[in-house]
Chemist: 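A single structure is presented below for examination.
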Amino acid sequence: MMNYKEIEITDFKTIDELLKKNNPEDCDHCFSAVYIWSFRHRVEFCIYNETLFLRMKEDGTYWYLSPIGEMSFENAVEIILEQAKADNGNVIIFAINPSQKKAIESTFNNKLSIVEDRDGADYIYKTEDLSFLQGKNYQKKRNHCSRFERENPEYTFNLITKDNIERIKDFEIEWCNKNALKRANDLIAEQKGILSLLDNMDKTDVFGAFIENRNGIVAFTLACPINDKMVDIIVEKAYHNINGAYAVINRDFAKNCLQDYEFINREDDLGYENLRKAKLSYYPFEIKEKYFAEYIVL
């Protein structure tokens with residue numbers, strides 16, 4: 001019996017243990033990232049036969065995260081399709097990796113239409129590259145960091161703790177206010193998720209850091225492990241008018257906090273040209289392919 005419930009912060013342990021057990025490599029299969037989405041969409045989940053089914057509904061269509069767990073991927077997809085027939089509603093399965101794409105193509109005989117989700121592809125970097133910015137490819141990034149250090153010689157790098165979380169929340173609110181005209185609805189929903197995550201850091205595996213100059217905090221970041229080798233950067237924000245702030249929080253966080261991980265997942269670019277340009281400028285080790293699979297109930 002498939003009993004779905006809305007995701008809550010108290011579901012962290014249940015969902016995270018199942019995810020980590022199955023060693024995902026994408027940001028979509030990360031509890032804290034999903035939790036932030038839940039403030040933009042009504043996210044609900046079900047664990048059936050030790051397999052996670054997670055979905056959200058938009059414009060009459062259920063969007064399912066590619067199922068992960070003990071069941072075979074093909075059997076889990078079949079369950080999703082049977083549910084679609086029962087609901088008489090269309091389905092899109094997202095965050096499908098290349099091997100899952102092949103499984104769908106070989107098992108379901110064109111029942112599902114598959115397209116590449118380039119806007120949702122994850123950008124994967126070597127932690128060593130982002131920590132030390134060595135080589136000519138990173139000359140511009142080193143220049144940005146040097147400029148920030150020259151203009152802010154007293155800057156400090158700090159871990160986020162229960163003693164300074166309120167300051168981080170204040171920064172997040174101010175940052176959002178300054179960017180309110182850009183993707184307003186998305187930013188407001190994201191802000192609610194970030195504030196809730198900050199309030200509940202002790203209940204998850206989220207950790208973070210910030211940098212500040214003599215005037216206060218200028219950038220902060222939050223991350224959580226995806227698996228033993230990869231960490232997900234779920235939030236990174238800086239004031240655009242502070243030269244090099246983004247480059248420095250990126251570098252310092254990698255150097256000081258992420259050395260236990262071989263790879264850093266900096267998530268997708270959502271199809272935004274400036275964001276894509278910024279992520280490509282760090283020369284990713286891999287751009288991880290993802291696909292959509294759409295099932296239309298006739």
Side-chain angles (χ1 to χ4, degrees), residues 1-7 15 18-31 33-38 40-124 186 226-227 230 232 265 267-272 276 284 286-298:
M1 184 69 176
M2 304 287 284
N3 294 314
Y4 283 87
K5 70 178 289 288
E6 288 192 43
I7 196 167
I15 294 176
L18 190 153
L19 290 174
K20 296 288 200 312
K21 183 179 179 181
N22 289 277
N23 198 38
E25 294 187 342
D26 60 275
C27 67
D28 302 274
H29 291 90
C30 176
F31 175 87
V34 172
Y35 183 70
I36 290 177
W37 301 346
S38 71
R40 181 71 174 87
H41 307 277
R42 182 176 178 269
V43 176
E44 54 184 16
F45 77 97
C46 171
I47 295 177
Y48 179 71
N49 287 349
E50 293 300 309
T51 301
L52 175 67
F53 294 83
L54 185 146
R55 68 186 187 180
M56 59 197 83
K57 194 172 187 179
E58 187 170 315
D59 297 330
T61 295
Y62 272 115
W63 289 68
Y64 281 84
L65 177 64
S66 57
I68 186 171
E70 293 299 311
M71 294 179 65
S72 72
F73 178 71
E74 293 88 340
N75 286 347
V77 170
E78 187 62 50
I79 286 175
I80 291 173
L81 301 189
E82 290 300 321
Q83 185 69 57
K85 293 175 185 176
D87 294 339
N88 195 32
N90 299 333
V91 159
I92 294 175
I93 305 173
F94 66 98
I96 293 170
N97 64 40
S99 65
Q100 292 169 337
K101 171 180 177 285
K102 290 180 181 178
I104 288 175
E105 289 171 337
S106 63
T107 303
F108 293 97
N109 297 321
N110 298 319
K111 286 183 180 179
L112 295 97
S113 174
I114 301 177
V115 295
E116 184 177 1
D117 178 21
R118 176 60 183 87
D119 296 348
D122 286 1
Y123 290 79
I124 312 298
D186 288 343
I226 293 177
N227 56 44
M230 183 180 293
D232 180 22
N265 187 321
E267 302 197 342
D268 49 39
D269 60 36
L270 301 171
Y272 292 108
R276 181 168 298 184
E286 178 186 7
I287 299 176
K288 193 169 288 292
E289 296 176 17
K290 296 181 191 174
Y291 297 86
F292 292 124
E294 184 175 13
Y295 178 75
I296 299 176
V297 177
L298 299 177

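Throughout, numbering of the chain's residues begins at 1 and tracks the sequence.
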Chemist: First locate atom CG of D59, then atom CG of N90, and finally report the distance between them rounded to the nearest 0.5 Å.
Modeler: 11.5 Å

Chemist: Output a table of donor-acceptor pairs, distance under 3.5 Å, between side-chain atoms of residues 112-120 and any protein atom two or more places apart or on a different chain; print 'none' if there are none.
Modeler:
| residue | atom | partner | partner atom | Å |
| --- | --- | --- | --- | --- |
| D117 | OD1 | G120 | N | 3.1 |
| R118 | NH1 | Y123 | OH | 3.3 |
| R118 | NH2 | Y123 | OH | 3.0 |
| D119 | OD1 | R276 | NH2 | 2.9 |

Chemist: Who are the salt bridge (charged side-chain N to carboxylate O under 4.0 Å, His left out) partners of E105, not counting sequence neighbours?
Modeler: K101

Chemist: When you check the side-chain N and O atoms of T51 and N49, is any donor under 3.5 Å from an acceptor?
Modeler: no

Chemist: Enter the distance from Y295:OH to I80:CD1 here, rounded to the nearest 0.5 Å.
Modeler: 12.0 Å

Chemist: Are the side chains of Q100 and Y291 in touch, meaning some heavy atoms are under 4.5 Å apart?
Modeler: no

Chemist: Measuring from atom SG of C46 to atom CD of Q83, what distance do you get when rounded to the nearest 0.5 angstrom?
Modeler: 9.0 Å

Chemist: Any chance you could measure N227, atom CG, to D232, atom CG, to the nearest 0.5 Å?
Modeler: 10.5 Å

Chemist: Got a sec, which residues hit salt bridge (charged side-chain N to carboxylate O under 4.0 Å, His left out) with K21, two or more places apart in sequence or on another chain?
Modeler: E70

Chemist: Restricting to non-hydrogen atoms, name the atom on V91 and the atom on I93 that form the minimum distance, rounded to 0.1 Å.
Modeler: CG1-CG1, 3.9 Å

Chemist: Ignoring hydrogens and angles, write down the donor-acceptor pairs under 3.5 Å from the side chains of residues 62-69, residues two or more places apart or on other chains.
Modeler:
| residue | atom | partner | partner atom | Å |
| --- | --- | --- | --- | --- |
| Y64 | OH | R55 | NH1 | 2.9 |
| S66 | OG | H29 | NE2 | 3.3 |
| S66 | OG | A95 | O | 2.8 |

Chemist: Test your reading of the model: is there a side-chain donor-acceptor pair from S106 to the backbone of A103, 3.5 Å cut-off?
Modeler: yes

Chemist: Would you please name every residue forming a salt bridge (charged side-chain N to carboxylate O under 4.0 Å, His left out) with K102, sequence neighbours left out?
Modeler: none

Chemist: Can you confirm whether I226 sits close enough to P24 that some side-chain heavy atom of one is under 4.5 Å from a side-chain heavy atom of the other?
Modeler: yes

Chemist: Should V77 and L81 count as side-chain neighbours, where that means a heavy-atom distance under 4.5 Å?
Modeler: yes

Chemist: Got a sec, which residues hit salt bridge (charged side-chain N to carboxylate O under 4.0 Å, His left out) with D122, two or more places apart in sequence or on another chain?
Modeler: K290

